[in-house]
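Following: one structure in structure tokens, then a few remarks.
Chain letters run A, B, ... following the sequence lines, proteins first and then strands; every chain starts at 1.
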Number of protein chains: 2
Amino acid sequence: MTLIPPTRLKPRKNPVQARAKATVDAIFEATAQVLLSEGLARLTTNHVATRAGVSIGTLYQYFPGKEALLYALVEQLLDQVACQIEEACAAAERPTLDDCAALFVETYFAAKTGDPEKARALYLASSHLEMSALVSRTIVRLQDAAAQMLRRCPEVRAAPPDEVVTCWVAVVTGGTRQILEDTNSAMLLPGFHIELTRLSSAYLRSAFSSGPKRSDG
Amino acid sequence: MTLIPPTRLKPRKNPVQARAKATVDAIFEATAQVLLSEGLARLTTNHVATRAGVSIGTLYQYFPGKEALLYALVEQLLDQVACQIEEACAAAERPTLDDCAALFVETYFAAKTGDPEKARALYLASSHLEMSALVSRTIVRLQDAAAQMLRRCPEVRAAPPDEVVTCWVAVVTGGTRQILEDTNSAMLLPGFHIELTRLSSAYLRSAFSSGPKRSDG
DNA sequence: AACCAAGCTGAGGGTTTGCTCATATATCTG
DNA sequence: CAGATATATGAGCAAACCCTCAGCTTGGTT
């Protein structure tokens, strides 16, 4: 929405009838499935169309090409995550640092693990060079949401420094990705968000209330 | 080396003469370059051979296919990083927690940013489904190196819990990836490893010296 | 019913890609 | 030098792929 993708990446038209909406959904769903079962290299438009149960011509009525299809999928999935984070962060009125840590981590983690397959598909698809702007944009949204939440935190006096917010968001998103993509560590996944919350609390405290309660100046 | 890849992914033969070694190196180099300039989708064997200045036939004498080429490249780059970490961690004899944090982060960060282009190429290539085992293996090596270093740390009494090591390593590697891949935040990259070190120190302290020096039991 | 968008189909043209193989050159060994 | 081995070449074929288009079906409106 906010971004202006080149024509090559924009959808050709949006579905208006209910049946067409179902078709597009099926195409998205099929794309994610093929991505997971075959990998990005073997993802072909014909294969996606077949898996979606529609003809190849139908696919090309909505998307000008393979890349546009992936672009739309990534855009959709990223937007869902960003919206959930923004909503959750905005809802915290006077959070403690620990609240901030828990809220951000839990929300992000839940958004990702709610449908781990889709999350993995997203990681695969977003490795396409042209998606990087989309990812960047989403990261900025997360950073802004986090920074504004921290600013409403009584323990935080001034505006939180960029490096801290950047580092924190990078570490939460990157760490989660690492765990989700590593099929080996998938077993101890349930405990991960707890550790990640502890880590976040420790970091935020060390960044914002470092001295022993430096009283009012 | 440690892994036993299916024939489809193993190199066909190793170069023995110096000239052949140079050829294989050129192919690797060209692969990384094409990966960065064209992306994984447009990486073709013909294109790589051209960029390397060798004939397509030559490429196929050493690698049975495109995937094997990528596999070998990823294997090489991952091994370099793991070796550097293992070496650095093993060299620390009686480190403090802060030493551990700094050593691991600085070494990993230096290994990645020493050649950021190659690091980015690695991320692109490793998104191929079949590389996940290779990545997993490397992560385990990093975890082991970190765990053994922590065990030699006077502030750490017992063996460090798996969740902590897993979380820490995931966060350092994942966070670094996030920063390296995001071209926007590339500018404040120089400060990132400092924050990451602070974060690591804070986390390790909260995990290992949480109470006020719970004396011997 | 008659009409018109909107939606769907899938064979096939043109292109790209992966890979082979017959041939040629370079390096080594005795 | 002569033979053996290692290395390099690149035209070209089979397969895979992207995408179009002319015609067909479905849903909605009057």
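The Arg19(B) side chain lies nearest to dA6(D) when the options are dT20(D), dG27(D), dA6(D). The nucleotide whose nearest atom lies closest to any side-chain atom of Tyr60(A) is, among dC18(D), dG10(D), dG18(C), dC18(D). Distance from the side chain of Asn46(A) is smallest to dC19(D) among dA8(D), dC19(D), dC19(C). When each of dC19(C), dA8(D), dA6(C) is scored by its nearest atom to the side-chain atoms of Val16(A), the top-ranked nucleotide is dA6(C). Here the side chain of Tyr62(A) is nearest to one of dT9(C), dG10(D), dC8(C), namely dC8(C).
Distance Lys66(B) NZ to dC19(C) P: 9 Å, rounded to the nearest Å. When the P atom of dC21(C) is taken as reference, atom CD of Gln61(B) falls 13 Å away, rounded to whole Å. The distance from atom CZ of Arg42(A) to atom C1' of dC17(D) is 14 Å, rounded to the nearest whole Å. Summarising the geometry, the separation between CD1 on Ile27(A) and P on dC8(C) is reported as 8 Å, rounded to the nearest angstrom. Regarding Leu70(A), its CG atom lies at a distance of 11 Å from the P atom of dC18(D), rounded to whole Å. One interatomic measurement links the two molecules: CG of Leu59(B) to P of dC21(C), which rounds to 16 Å at whole-angstrom precision. Here dG18(C) presents its P atom at 15 Å from CG of Leu9(B), a figure rounded to the nearest Å. Distance, Glu38(B) CD to dT16(C) C1': 14 Å, rounded to whole Å.
Aromatic ring pairs are classed by plane angle as parallel below 30°, tilted from 30° to 60° and perpendicular above 60°; the pair Phe109(B) and His193(B) is parallel.
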Practice task
Please test Arg94(A) against Asp99(A) for salt bridge (charged side-chain N to carboxylate O under 4.0 Å, His left out), starting from the C-alpha separation and ending with a verdict.
Solution key: CA-CA 9 Å; Arg94(A) 300 188 77 251; Asp99(A) 288 341; over 6 Å; no
Exercise for the section: List the steps and the verdict of salt bridge (charged side-chain N to carboxylate O under 4.0 Å, His left out) for Arg198(B) and Glu163(A). Expected result: CA-CA 11 Å; Arg198(B) 289 184 31 183; Glu163(A) 321 92 68; over 6 Å; no
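The ring of Phe63(A) has its center closer than 6.0 angstrom to the ring center of Phe28(A).
Within 4.0 Å (heavy atoms only), Thr44(B) reaches sugar-phosphate atoms of the nucleic acid but no base atom. Among the heavy atoms of the strands lying under 4.0 Å from Arg12(B) are primed sugar atoms or P, OP1, OP2 only; no base atom is included.
Note on Thr45(A): a side-chain N or O is less than 4.0 Å away from OP1 or OP2 of dC18(D). Remark: Thr23(A) is in phosphate contact with dC8(C), judged by side-chain N or O atoms under 4.0 Å from OP1 or OP2.
Positionally, the nearest nucleotide of DNA chain C for Lys21(A) lies more toward the 5' end than for the other of Lys21(A) and Ile56(A).
Taking 3.5 Å as the limit, the base of dG7(C) and the side chain of Thr58(A) contain no donor-acceptor pair of atoms between them.
Two residues are said to be in side-chain contact when any heavy atoms from C-beta on lie closer than 4.5 Å; Asp182(A) and Val135(B) fail this criterion.
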